[in-house]
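Structure first, then comments.
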Amino acid sequence: MLIRAGYEMRFETKAPAAMMALLSVHPSRNKDLRTPHRIMGSPDVPIYDYIDGFGNVASRLTVPRGGVTLSADFLIEDDGQPDVRAPDGLQMRVEDLPDDVLIFLLGSRYCETDRLMEMAWGEFGHLQSARDRVETIVAFVHNHISFGYEHARSDKTAWNGYQEKLGVCRDFAHLAVTLCRCMNIPARYCTGYLGDIGVPVSDAPMDFSAWFDVFVDGDWYTYDARHNAPRIGRILMARGRDATDTALTTNFGPAELTSFVVTTEEVQHVD
């Protein structure tokens, strides 16, 4: 299938402000692009990219006095297949995990494993299969947190989400990631596009989405605690330990986001 995706966001500022942005398609999806992916600035500002420590495309620019509008519009091909479940079987021992995934067992800014460790082992410790643990955690988080855009808060951690039982997709992902790490299952936070493809169309404005990957039996598998169901048409942008590593934009100076539109839709053909 073909998916048209993109965004337009406006930042206002009274003085120039440096910015880092993770707004590009992840390099793992570059081969699927059917039109170029370029971040456009209005006014035109210099933007250059580098690959960060998690393999994401990071862009650097300076928001000029007055502000800038950033946008992108592209076509990408997707196999149209739903997320693949992790295989069933005994969980890998920590001693057998590859070196490069160990970081995804550790606590991080938004994922306080120390505060949720006892609860996690009490709830999920009786399960022997890694898949059973992951899918039980996903179902638990899905039922524990009530979704609402009005519950968004930039400083909300997994512990806060667990206590408040309210949140947005990033809060579902943070809590699920944390509980998986507590159970010695490496988990990484992901952000990207997820349109209403193959599901009833939502009345809510389109937004970027957050989900997570788990490392089971030697490979990574995608899960989504907000929706608690395999989905199709995910377009990965960035992944890391938590939302700190995958923030859409990070401003080094005052810059206010004043408008924000995201597009993700299946298209049948290209004119």
Counting distance only, does the side-chain N/O of [X] pair as donor-acceptor with the main-chain N or O of [Y] below 3.5 Å?
X     : Y     : value
Asp52 : Gly55 : yes
Asn56 : Ala58 : no
Asp32 : Ile76 : no

Any side-chain heavy-atom pair from [X] and [Y] closer than 4.5 angstrom?
X      : Y      : result
Leu22  : Thr249 : no
Cys111 : Thr157 : no
Ile137 : Val141 : yes

Between Phe208 and Tyr193, ring centroids under 6.0 Å:
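They qualify: ring centres under 6.0 Å apart.
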
Is the distance between the ring centroids of Phe212 and Trp220 less than 6.0 Å?
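Phe212 vs Trp220: aromatic centres not under 6.0 Å.
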
Less than 4.0 Å between a side-chain N and a carboxylate O, is that true for Glu12 and Arg10?
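A salt bridge links Arg10 with Glu12.
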
In plain terms, say whether Asp217 and Arg131 are close enough for a salt bridge, that is, a side-chain N and a carboxylate O under 4.0 Å apart.
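No salt bridge links Asp217 with Arg131.
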
Glu123: what forms a side chain to side chain donor-acceptor pair (under 3.5 Å) with it, not counting sequence neighbours?
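Partners of Glu123 under the side chain to side chain donor-acceptor pair (under 3.5 Å) test: none.
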
Sort out for me which residue in Trp211, Trp159, Tyr110 forms a ring pair (Phe, Tyr, Trp, His ring centres under 6.0 Å) with His174.
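Answer after filtering Trp211, Trp159, Tyr110: Tyr110.
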
First locate atom [atom1] of [X], then atom [atom2] of [Y], and finally report the distance between them rounded to the nearest 0.5 Å.
X      : Y      : atom1 : atom2 : result
Ile185 : Arg133 : CD1   : CZ    : 6.0 Å
Asp171 : Asn160 : CG    : CG    : 8.5 Å
Asp196 : Glu266 : CG    : CD    : 12.0 Å
Met9   : Leu70  : CE    : CG    : 7.0 Å

Do the side-chain N and O atoms of Thr222 and Asp213 include a donor-acceptor pair separated by under 3.5 angstrom?
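Yes, a side-chain donor-acceptor pair sits under 3.5 Å.
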
Can you list the steps and then say if Lys31 with Glu77 is a salt bridge (Lys or Arg N to Asp or Glu O under 4.0 Å)?
CA-CA 9 Å; Lys31 66 183 183 301; Glu77 188 170 335; over 6 Å; no

Kindly confirm or rule out a cation-pi arrangement of Arg226 over Phe147, judged by NZ or CZ under 6.0 Å from the six-membered ring centre and within 45° of its axis?
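Because its charged atom sits under 6.0 Å from the ring centre and within 45° of the axis, Arg226 does stack over Phe147.
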
Under the ring pair (Phe, Tyr, Trp, His ring centres under 6.0 Å) rule, what pairs show up with a residue in residues 112-146, not counting sequence neighbours?
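Matches after skipping sequence neighbours: Phe124-Phe140, Phe140-His144, His144-Tyr162.
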
